[in-house]
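Throughout, protein chains are lettered first and strands after them, A, B, ... in sequence-line order, and every chain is numbered starting at 1. Given the structure is predicted, the values throughout are model-derived calculations rather than measurements.
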Number of protein chains: 2
Amino acid sequence: MAGKGRSRASGRPTLEQVAVEANVSRGTASRVVNGSLEVSPYALKAVRDAIRKLGYVPNHAARSLVTRRSDTVLLVVSESEDRVFSEPFFASIVRGLSQELSNTPLQLNLVMASTGRQHDRVEQLVRNGHVDGVMLISLHGDDPLPQNLVAAGAPVALIGRPPVPDATTVPYVDADNEAGARAATEYLYRQGRRRIATITGPRDMAAGLDRLSGYRAALRGKRGVTRLVAQGDFGQASGEAAMRELLGKDPELDAVFAASDPMAAGALRALRAAGRRVPDDVAVIGFDDSDLARNTNPLLTSVSQPTQLMGRKLAELLIAQLREPEAKLAPVILPTELVCRESA
Amino acid sequence: MAGKGRSRASGRPTLEQVAVEANVSRGTASRVVNGSLEVSPYALKAVRDAIRKLGYVPNHAARSLVTRRSDTVLLVVSESEDRVFSEPFFASIVRGLSQELSNTPLQLNLVMASTGRQHDRVEQLVRNGHVDGVMLISLHGDDPLPQNLVAAGAPVALIGRPPVPDATTVPYVDADNEAGARAATEYLYRQGRRRIATITGPRDMAAGLDRLSGYRAALRGKRGVTRLVAQGDFGQASGEAAMRELLGKDPELDAVFAASDPMAAGALRALRAAGRRVPDDVAVIGFDDSDLARNTNPLLTSVSQPTQLMGRKLAELLIAQLREPEAKLAPVILPTELVCRESA
DNA sequence: ATGAAAGCGCTAACAC
DNA sequence: GTGTTAGCGCTTTCAT
């Protein structure tokens, strides 16, 4: 007599039980759960009551099995083995992401993919339908993963402009690096600085390139301004070295825009070592408005990015594709903001 | 005649197709896939070949449906709404975690749970069998979530010692905060410092408490040493304020152990403002060996934690419980290391 | 609008 | 050792 009625091994109520409780068929119960409009108000109420009473929650696996959707999206942190992740970024972006996702039935899967093997695993995940879409936050420029995923037919969204404008265009969200750099440089100019240097990021990262063009754009056509460019790699040590080099080239320089906070911090060290006062002798501006900027001496003026918002937009970009696979999505470029502290 | 044979809508081969290809039954094929030993070498080979040939990969949903396992573990970042995430930590721990997980069939789900509503959602996830276990990295002390999850019967593992030794004991991994603090303080003592202060963390966090006892332990029984304690909250501003307070109490102090890097950076600022040279007049040591420590001026001597290893151990702790639900697991305490730079 | 029924792909119990 | 089979819980035609 125990027949279909009560629970089996697992204690969770099934749709069948809901249907019995509500005196309808399983089909109807399913329709209610999935928000189909083709249900009589009466049945609707009965089922809803039953659901509440039983504390019913759909079984994800069972649903997935028939719909062939996983209701799971993947966040891939594609970092090269050695490079340390730029921190504040990560947590903040994930926070935005989660926020956006919490309005949906989507689950967030996370994988770190440094090695080629792990890259393959990601592609597997997609091909096997374990995930419905992929978000990628990639630290180095020439990552082939996004393209591969797109080729595999998966919805993909990126943080950060892909370095090479590729044939298969994949939607991305990025901060307006150029505008941010321009604002910083213009700020220096408006303060009366006329010998303005910049320390750039690596040449193979879009962020580095864009910040350099922002610097150039700000100074374009300005007369009586000395421009100086030194190459860095976003790391602190490279910033310190670049600053020494700059000082060697032009001991009179009165301002530096560094394309990252660690490089700015490095510059601060080099300037101090060279006996320059900041900001009196030389003004310094960084980029990212990281934790670091709030802890240097002097405190760092820096360009801040809306990281949390970037996370939200990233999720939006993916969700849009999930809803409409054929949609051609434009990049989302978010505004930056210059945060003034002590160094400029 | 298309009957069972070839593919349906989805292009993925099924176990059935593998079985046909290998001339065995689906049952046998399943045994091979799941590594059952009760299979003839001949069948084994046939099935393996078929799997390779067809590129077969098990359907997660289908398997889940019958095994009632999700093969998914959850990482909950349980942060209070306002508190900013202590950074270097997060990415590094996740990296260790992923590494460990990549040797298993387990997927990593990530949720941020700041609000109560999100906490509930996590409990739902567990109750509905969407996840087989939960790892928790909790930023504030009095988080009830771990206990609730344990009560719900879920395998749970924590980063960070729970502040109150609770009845329901849940396994955790932590750095040896006390030993780390002790090492730092002893180092200061051995350098000949005799007026050694400490800036503590919040009283409701185990890490703060443990580091304070480490400081005390290092100085216990030492004669001719002046001890000074000021309260902080791990934040930079609190460190700066505490340092000023300390300087007021004892202008002659010659060393400070701060329980976090940001507080140490704050102390650096206060010391500079007070005209003290570091490390000549006052030696400073921080805790965490964060990015920050590598970017202050002078560079910060700091106690480093094996964050990546902590991530691995966290995963191990959970996996052990998954394998043996009744196992009583001891806490895993990992050694710290004093990284000497310029400030002490 | 609703019920009946056919699977989704897989595991595990059972029979041989 | 291997094949057969009964579901896991759900969505979705197809009738009605």
Side-chain angles (χ1 to χ4, degrees), chain A residues 2-47 50-51 54-71 105 128-130, chain B residues 2-47 50-51 54-71 105 128-130:
Chain A
K4 284 259 163 142
R6 274 290 131 239
S7 62
R8 318 185 51 84
S10 155
R12 302 168 53 194
T14 72
L15 192 55
E16 177 71 36
Q17 290 171 30
V18 171
V20 169
E21 177 76 31
N23 266 311
V24 298
S25 76
R26 191 169 20 139
T28 300
S30 172
R31 281 168 203 127
V32 172
V33 170
N34 294 296
S36 159
L37 282 325
E38 333 256 301
V39 179
S40 73
Y42 180 77
L44 186 70
K45 178 175 178 354
V47 173
I51 287 177
L54 266 34
Y56 169 79
V57 180
N59 179 315
H60 192 227
R63 174 178 286 174
S64 237
L65 185 55
V66 27
T67 60
R68 292 157 181 294
R69 284 179 293 104
S70 66
D71 282 333
N128 301 332
H130 287 332
Chain B
K4 285 253 164 151
R6 277 287 133 243
S7 62
R8 318 184 52 81
S10 156
R12 302 169 52 195
T14 71
L15 192 55
E16 176 70 34
Q17 291 171 29
V18 170
V20 169
E21 176 76 29
N23 269 311
V24 298
S25 75
R26 187 164 23 119
T28 299
S30 173
R31 280 168 203 127
V32 172
V33 170
N34 294 297
S36 160
L37 282 325
E38 335 255 303
V39 180
S40 73
Y42 182 75
L44 185 69
K45 176 174 179 357
V47 172
I51 288 178
L54 266 35
Y56 169 80
V57 180
N59 179 315
H60 192 231
R63 175 180 286 174
S64 232
L65 184 55
V66 27
T67 60
R68 291 159 180 293
R69 285 179 292 105
S70 66
D71 281 333
N128 301 332
H130 288 331

Rounded to the nearest Å, what distance is computed from the [atom1] atom of residue [X] to the [atom2] atom of nucleotide [N]?
{"X": "B:N59", "N": "D:dC10", "atom1": "CG", "atom2": "P", "result": "16 Å"}
{"X": "A:H130", "N": "C:dC10", "atom1": "NE2", "atom2": "P", "result": "10 Å"}
{"X": "A:N23", "N": "C:dT2", "atom1": "CG", "atom2": "C1'", "result": "13 Å"}
{"X": "B:Y42", "N": "D:dT2", "atom1": "OH", "atom2": "C1'", "result": "14 Å"}
{"X": "B:L54", "N": "C:dG9", "atom1": "CG", "atom2": "C1'", "result": "15 Å"}
{"X": "B:R12", "N": "C:dC8", "atom1": "CZ", "atom2": "C1'", "result": "11 Å"}

Counting heavy atoms from C-beta on, name the nucleotide in [options] closest to the side chain of [X].
{"X": "B:A43", "options": "D:dT2, C:dT2, C:dC8", "value": "D:dT2"}
{"X": "A:T14", "options": "C:dT2, D:dT2, D:dC10", "value": "D:dC10"}
{"X": "A:L65", "options": "C:dG3, D:dT2, C:dC8", "value": "C:dC8"}

Exam field: side chain [X] to backbone [Y], donor-acceptor pair closer than 3.5 Å:
{"X": "A:R26", "Y": "A:L15", "answer": "no"}
{"X": "B:R31", "Y": "B:V39", "answer": "no"}
{"X": "A:S36", "Y": "A:V32", "answer": "no"}
{"X": "A:T28", "Y": "A:V24", "answer": "no"}

Check your understanding: Reckon B:S40 has a side-chain N or O less than 4.0 Å from the OP1 or OP2 of D:dT2?
Key -> yes

Review point. Looking at B:S25, does any N or O in its side chain come under 4.0 Å of the phosphate oxygens OP1/OP2 on D:dG3?
Key: yes

Check your understanding: What distance do A:E16 atom CD and A:E21 atom CD have between them, rounded to the nearest 0.5 Å?
Key -> 12.5 Å

Side-chain donor-acceptor contacts of residues 54-62 of chain B below 3.5 Å, not counting sequence neighbours, with atom names and distances?
unit_1 : atom_1 : unit_2 : atom_2 : d
B:N59  : OD1    : B:A61  : N      : 2.8
B:N59  : OD1    : B:A62  : N      : 3.0
B:H60  : NE2    : B:S70  : O      : 3.0

Review point. With sequence neighbours left out, what residues match B:S30 under side chain to side chain donor-acceptor pair (under 3.5 Å)?
Key: B:N34

Study note, to complete from the structure: With B for base contact, S for sugar-phosphate-only contact and - for none (protein heavy atoms under 4.0 Å), nucleotides 11-16 of chain C reads BBB---

